**Q** 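Have a look at the structure that comes next, please.
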Amino acid sequence: MSKLHKTVVVIPKSANSSFPKTPPKPQTVPPPPPPAAETAVDPTSVTNLILKTNPEILPQKLPGLTQWTPDLVHTILKRLWNHGPKALQFFKILDSHHTYTHSATAFDYGIDIAARMRDYKTLWALVVRMRARKLGPGPKTFAIIIERYVASGKADKAVDVFLSMHKHGCPQDLNSFNTLLDVLCKAKRAEMAYNLFKMFRGKFRADMVSYNIVANGFCLIKRTPKALEILKQMVERGLDPNVMTYNIILKGFFRAGQTKEAWEFFLQMKRRKCEIDVVTYTTMVHGFGVAGEVERSRKLFDEMVGAGVLPSVATYNALIQVLCKKDNVENAILVFDEMLWKGYVPNVTTYNLVIRGLCHVGNMDRAVEYMDRLKDDECEPNVQTYNLLIRYYCDDGEIEKGLELFEKMSSGHCLPNLDTYNILISAMFVRKKSDDLVVAGKLLLEMIDRGFLPRRFTFNRVLNGLLLTGNQGFAREILRLQSRFGRLPHQFRL
DNA sequence: TTAGGGTTAG
């Protein structure tokens, strides 16, 4: 079997070294089909194979492994999300496949992953390649690129990218303009967004969406007066605020701690017969609850059905969070049961809230029970589920159990993210054990290997820890790596 | 991926 497989793989090797510039030609001799047992490979086993296989031999193993389809490729790219280098290698290998060609979506994923690793060279190479294949880059591609530049503190660069979109064959329009504003606002750069808004609102014919985005931007930085000013401008321009506008302002009041104003605003919405929807109520339930007014929160929750607005899962989640934080987990669980009783399907957020609530009162065993229930509910624990359990185990001094969960992640389809590594590395310092520091060192190496950039602080902390516990050899290894950083591709530069 | 509501630690 393995011998047969080998002969299959040798054939495409010659064409492997560079990207073929021409579309694949129909072949007179069809390539031998992959062995029957491997034709229907599931995403999990392919992902695990990619993770386990040495990068040097992956290019030989992968192409003939299965019948590649866009869906399979997308699923695998998503699963490899927290292992950027592997994800990009996978993308590149399939990009030079004989018969399979990447979809626009796959390119967008690849671009997103490269951008997240701050590997801008690869990012732009993919953009060029995408265009050569007439798959884009499209508005979504630019939304991704802009968001990543903003997220890494390069808002000016993001604006440049927006302004040069048309040079890549993707003309700017109102949608892409609104996306730019939104990305800036979500990154707390409302002032910058507002300046652009003023500069270009005529050119792109700013609409209600643009105004809502900017108003929300100011709410996000707790500048509700400015948000109200935007609302006023909007009305002056003859644009009628809609329920989203009001919900934005309402949430803004809560965010800024102005519960009194929020209540007044809500009453005014009612008086003026504005539309009040499930989002309005969810905002109210959550807002009053986290402000400590649990009774009021509950009352609003009970009131909404009478007002003809049915709670959503998010509304239940809001109430559950409030009860966990300001009341009692047991009451939160009663609400959880009630929602099941009424036929709602809790999502992973619901479970995470209950799990966190239980962890918080030290009931780790029951928390784990809910994690198992989550799996039974054809819902999957996500990286947040794992992270919060790992965090509480470590805080509890049960570091082994935390590490056990971590191991589980690496073998399953929920790869650890940057937070996971930071949580665990920090935990390795509490017992002041030499062995723990060695684990911290290994975690540090592993996270770098997976495309995460440790902060300088983390680096030095691990280094000092190793030196203080007599692990000079390992410390030197890490030091060598640190000094190599200057020469590594710039995504690794400190 | 054009706007609003639930997870995050302190």
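Quick caveat, the model's predicted, so the values are computed rather than measured. Below, read A as the first sequence line, B as the second, and so on, with proteins coming before strands; counting in each chain starts at 1.
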**Q** Quick test of your reading of the model: are E400(A) and R431(A) salt-bridged, counting only N-O distances below 4.0 Å?
**A**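 Answer for the salt bridge query: yes.
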**Q** Donor-acceptor pair under 3.5 Å: do we get one between T282(A)'s side chain and the base of dG5(B)?
**A** yes
**Q** Within the 3.5 Å criterion, strictly below it, is a donor on S103(A) or H74(A) matched to an acceptor on the partner's side chain?
**A**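 Distance-only check passes for S103(A) and H74(A).
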**Q** Counting side-chain heavy atoms from CB outward, which of dG5(B), dG6(B), dT2(B) is closest to N178(A)?
**A**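 Of the options given, the side chain of N178(A) lies nearest dT2(B).
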**Q** So, does H286(A) get its side chain near the phosphate of dG6(B), meaning an N or O under 4.0 Å from OP1 or OP2?
**A**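 So the side-chain polar atoms of H286(A) do come within 4.0 Å of the phosphate oxygens OP1 or OP2 of dG6(B), strictly under.
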**Q** Check this one for me: any side-chain N or O of K251(A) less than 4.0 Å away from OP1 or OP2 of dG6(B)?
**A**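 For K251(A), the contact criterion (side-chain N or O under 4.0 Å from OP1 or OP2 of dG6(B)) is met.
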**Q** Return no unless some side-chain N or O of R148(A) is found under 4.0 Å from OP1 or OP2 of dT1(B).
**A**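 R148(A) to dT1(B) OP1/OP2: no side-chain N or O under 4.0 Å.
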**Q** So if I take every side-chain heavy atom of K325(A) and compare against dG5(B), dT8(B), dG6(B), which nucleotide ends up nearest?
**A** dT8(B)
**Q** Using only modelled atom types and a 3.5 angstrom limit, is any donor from either the side chain of D419(A) or the base of dA9(B) paired with an acceptor on the other?
**A** no
**Q** Less than 6.0 angstrom separating the ring centers of F162(A) and F204(A), yes or no?
**A**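 Here the rings of F204(A) and F162(A) have centres that are less than 6.0 Å from each other.
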**Q** Which nucleotide wins on minimum distance to the side chain of D207(A), given the candidates dG6(B), dT2(B), dT8(B)?
**A**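 For D207(A), the side-chain atoms sit closest to dT2(B).
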**Q** Counting side-chain heavy atoms from C-beta on, which of dG6(B), dA3(B), dG5(B) comes nearest to V279(A)?
**A**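 Among the listed nucleotides, the one closest to the side chain of V279(A) is dG5(B).
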**Q** Checking all strands, does T349(A) fall into the base, sugar-phosphate, or nothing category for heavy-atom contacts under 4.0 angstrom?
**A** base
**Q** Contact class for T350(A) (heavy atom, under 4.0 Å): base, sugar-phosphate, or nothing?
**A**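 The residue T350(A) makes no contact with any strand.
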**Q** Any idea which of dT1(B), dT2(B), dG6(B) is nearest the K140(A) side chain?
**A**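 Of dT1(B), dT2(B), dG6(B), dT1(B) is nearest to the side chain of K140(A).
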**Q** Could you check whether D182(A) gets within reach of a base, just the sugar-phosphate, or nothing at all, counting any heavy atom under 4.0 Å?
**A**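 Result for D182(A) = sugar-phosphate.
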**Q** Out of dG5(B), dT1(B), dA3(B), which has the shortest distance to the side chain of I213(A)?
**A** dA3(B)
**Q** Answer yes if the ring centres of Y386(A) and F406(A) are under 6.0 angstrom apart, and no otherwise.
**A** no
